[in-house]
2 protein chains.
Amino acid sequence: MEKDLTTEAKIKEAATRVFIAKGFNGCSSREIAKEAGMNVALVNYHFQSKGHLFEVVVATVMEEFVFSMIDVFKSDLPLISKTRIFIEKEYDFLSKHPDIPGFIINELGKKDKTFFERINFIDQIRETKIYDEVHAAQEKGEVRKMDMTSIMLLMMGNCHFPFMAKPMIQTIQCIDDKTYQNQLTLHKQYVTEMLVNYLFPTNK
Amino acid sequence: MEKDLTTEAKIKEAATRVFIAKGFNGCSSREIAKEAGMNVALVNYHFQSKGHLFEVVVATVMEEFVFSMIDVFKSDLPLISKTRIFIEKEYDFLSKHPDIPGFIINELGKKDKTFFERINFIDQIRETKIYDEVHAAQEKGEVRKMDMTSIMLLMMGNCHFPFMAKPMIQTIQCIDDKTYQNQLTLHKQYVTEMLVNYLFPTNK
DNA sequence: CAAAAATTTAAACACTTGTTTAAAATAATT
DNA sequence: AATTATTTTAAACAAGTGTTTAAATTTTTG
C-alpha cells in the first residue's frame with residue numbers, strides 16, 4: 001500500500017485515517033503511531049503535538065474537500081451545467097471519502113473559530129467569482145432569487161447528507177452497504193433533477 | 001432552572017447537555033458529575049457506567065427526536081399536508097435542539113449496530129403505516145415513484161443539514177447567529193416549495 | 001573516515017481517565 | 001428510638017493520556 005513515504009508523510013497518512021474514523025478525542029497519539037508503525041515520540045518530533053498534527057490533517061482534508069468544487073466553479077460553463085457537474089463530482093468524491101463531510105462538520109463545530117479561519121478556503125471559493133456569476137444570473141432571471149447561503153445549503157445538504165446519514169438510514173431501512181450504494185446512484189439523479197428544476201425555474 | 005429533581009434525573013439532564021455538546025469521547029465522568037453538581041461516584045452508583053449512562057441518554061434523545069415525526073405520520077391528513085407540516089415541525093424542533101441531529105448521526109456512526117438496534121424507533125415509524133400510505137399514493141400517481149430511502153434522504157437532508165452545517169456555513173458566509181437564524185426561516189420556505197413540487201409532480 | 005546533525009528509540013514524566021472501595025451521612029422501617 | 005437500607009462522600013485503584021528526556025542510531029557533512 002504505502003511504499004517509500006517519508007516518516008512525516010506516513011504519520012500524516014495514518015493520522016488522517018484515524019482522525020477521520022474516530023475523531024480527535026476518539027483516538028490517542030499512541031494509536032496513530034501504531035497505525036503508522038512507529039514510536040509515539042516520533043509523532044511529537046515531526047509534529048509538535050497531537051493538536052498541531054490534527055490541524056495539519058484538517059487543513060489537508062479541507063483542501064482536498066474543496067478542490068473539486070473550486071475546479072467546477074472556475075470552469076467556463078453555463079451555471080446549469082456547473083450545477084449538474086458539481087453534484088456529479090461531489091457524489092464521486094464522497095463515494096471515495098464518505099466520512100469526510102461528517103468529520104469536517106463535527107470536529108470543526110467543536111473547535112473555536114480562529115481554528116477555522118486559519119484554513120483559508122473561504123478566499124479560494126470567493127476567488128472563483130462564483131458568487132458574482134450567480135448574482136448576475138439572478139438579475140437576468142435565469143436563477144431563482146435566493147440568498148447564496150440557501151443555495152449552498154440546498155447543494156451541499158443534498159450531496160453530503162446522504163453520506164453522513166448512511167449508518168442511520170441503513171438502520172432505519174435495514175439495508176446493506178451494497179444496496180445503499182446503489183440507492184445513492186439513483187438518489188444522485190433525483191437530487192440533480194430536483195435542484196436544477198428548482199434553481200433554474202425558467203429552464204425547460 | 002432545575003428545581004426538585006431527583007439525583008438520577010439531575011445526572012441524566014447534565015449528561016444529556018454534556019454528551020450532546022462534546023460527544024461521548026469529548027467529556028469525562030467527572031465533568032458530567034460537576035455539571036450536575038455532585039460526586040463522581042454517584043454517576044456510577046445510579047447508572048452503572050459512563051457507557052450505560054450514554055445509552056440511556058441516547059435512547060431518550062432519540063425518542064424526543066422521532067416523537068414529532070411520528071405524530072405527523074399518524075395524523076389523518078393528505079400526504080402533501082403531512083409533508084408541509086413535517087418540515088414545519090422539524091424546523092421548529094431543530095431550532096430548539098440544533099445539535100441533536102449531528103449528535104445522533106456522529107455518535108451512532110461510531111457505535112456498533114447492536115447499540116442502534118436496542119433503540120426501537122424503527123418499529124415506531126413503521127407502525128404509523130406511513131410507508132404503506134406513500135406506496136399507495138405512488139400507485140395512484142400522486143407521489144413521485146422513488147424508493148422510500150430517497151424520500152427520507154430528501155426530507156431529512158433538507159431539514160437537518162442546515163442545522164448540522166451551521167458552524168461551517170457561518171464561517172464560509174461570515175454571518176452571525178441572528179442572521180443565520182433568519183436565513184433558516186427563509187430556507188424552510190424554499191425547502192418546502194422545492195420538496196412539495198418535486199415529490200408531488202401532479203399537484204398545482 | 002571522523003565529526004556533526006538529524007532521526008529514532010525506550011523510558012519516564014505528571015496528569016486524567018473510568019471505576020471501585022469503604023466509611024460517613026441520610027432515609028426508611030420496625 | 002434502634003436497626004436496617006439507601007444514598008452520598010472522599011480516597012484510592014490501575015490503566016491510559018499527551019508530552020518530554022536522554023541515550024542510541026542513522027544520516028549528513030566536512
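Just so it is clear: chains get the letters A, B, ... in the order the sequence lines come, proteins before strands, and each one is counted from 1.
For A:F163, the ring pair (Phe, Tyr, Trp, His ring centres under 6.0 Å) partners at least two apart in sequence or on another chain are A:Y91. The ring pair (Phe, Tyr, Trp, His ring centres under 6.0 Å) test applied to A:H52 returns no partner, not counting sequence neighbours. The salt bridge (charged side-chain N to carboxylate O under 4.0 Å, His left out) test applied to A:E64 returns no partner, not counting sequence neighbours. The ring pair (Phe, Tyr, Trp, His ring centres under 6.0 Å) test applied to A:F93 returns A:H97, not counting sequence neighbours.
Sorted by first and then second residue, the pairs that involve residues 147-158 of chain B and meet side chain to side chain donor-acceptor pair (under 3.5 Å), not counting sequence neighbours, are A:N158-B:N158, A:Q173-B:T149, A:Q183-B:S150, A:H187-B:S150, B:D147-B:T149. Residue pairs satisfying the salt bridge (Lys or Arg N to Asp or Glu O under 4.0 Å) criterion with at least one member in residues 182-196 of chain B, sequence neighbours excluded, are listed as follows: A:R144-B:E193, B:E88-B:K188. Residue pairs satisfying the salt bridge (Lys or Arg N to Asp or Glu O under 4.0 Å) criterion with at least one member in residues 40-52 of chain B, sequence neighbours excluded, are absent. Applying the side chain to side chain donor-acceptor pair (under 3.5 Å) test to pairs two or more places apart or on separate chains, those with a residue in residues 18-32 of chain A are A:K22-A:E31.
Following rounding to the nearest Å, B:Y45 (OH) and D:dT8 (C1') show an atom-to-atom distance of 9 Å. With rounding to whole Å, B:N44 atom CG is found 15 Å from D:dT7 atom C1'. When rounded to the nearest whole Å, the span between CD of B:E8 and C1' of D:dT6 equals 13 Å. Across the protein-nucleic acid pair, A:I32 atom CD1 and D:dG16 atom P stand 17 Å apart, rounded to whole Å. What separates CZ of A:F19 from C1' of D:dG18 is a distance of 12 Å, to the nearest Å. Computed from coordinates, the A:H46 NE2 to D:dT19 P distance equals 16 Å when rounded to whole Å.
If you look at B:Y198 and A:Y198, their ring centroids are not closer than 6.0 Å.
When DNA chain C is scanned 5' to 3' for any atom under 4.0 Å from a heavy atom of chain A, the first and last hits are C:dA6 to C:dA12.
In terms of phosphate contacts, A:S29 brings a side-chain nitrogen or oxygen within less than 4.0 Å of OP1 or OP2 of D:dG18. The side chain of A:S28 contributes no N or O atom lying less than 4.0 Å from OP1 or OP2 of D:dG16.
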Subject >> Nucleotide-resolved protein contact map, nucleotides 24-29 of chain D, B/S/- at heavy-atom distance under 4.0 Å >> reply: ------
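Residue order along DNA chain C, read from the 5' end via each residue's closest nucleotide, puts A:L42 first among A:L42 and B:C27.
Side-chain contact of B:T179 with B:D176: a donor-acceptor pair under 3.5 Å is present, judged by distance alone.
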Set out, line by line, the N/O atom pairs under 3.5 Å between protein and nucleotides 12-14 of chain D.
from   : atom 1 : to    : atom 2 : distance (Å)
D:dA12 : N6     : B:R30 : NH2    : 3.4

Donor-acceptor list for residues 78-87 of chain B side chains, cut-off 3.5 Å, not counting sequence neighbours:
from  : atom 1 : to     : atom 2 : distance (Å)
B:K82 : NZ     : B:F73  : O      : 2.9
B:K82 : NZ     : B:S75  : O      : 3.1
B:K82 : NZ     : B:E133 : OE1    : 2.6
B:K82 : NZ     : B:E133 : OE2    : 3.1
B:T83 : OG1    : B:L79  : O      : 2.8

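Within the 4.0 angstrom heavy-atom criterion, no nucleotide atom of any strand lies near A:V43.
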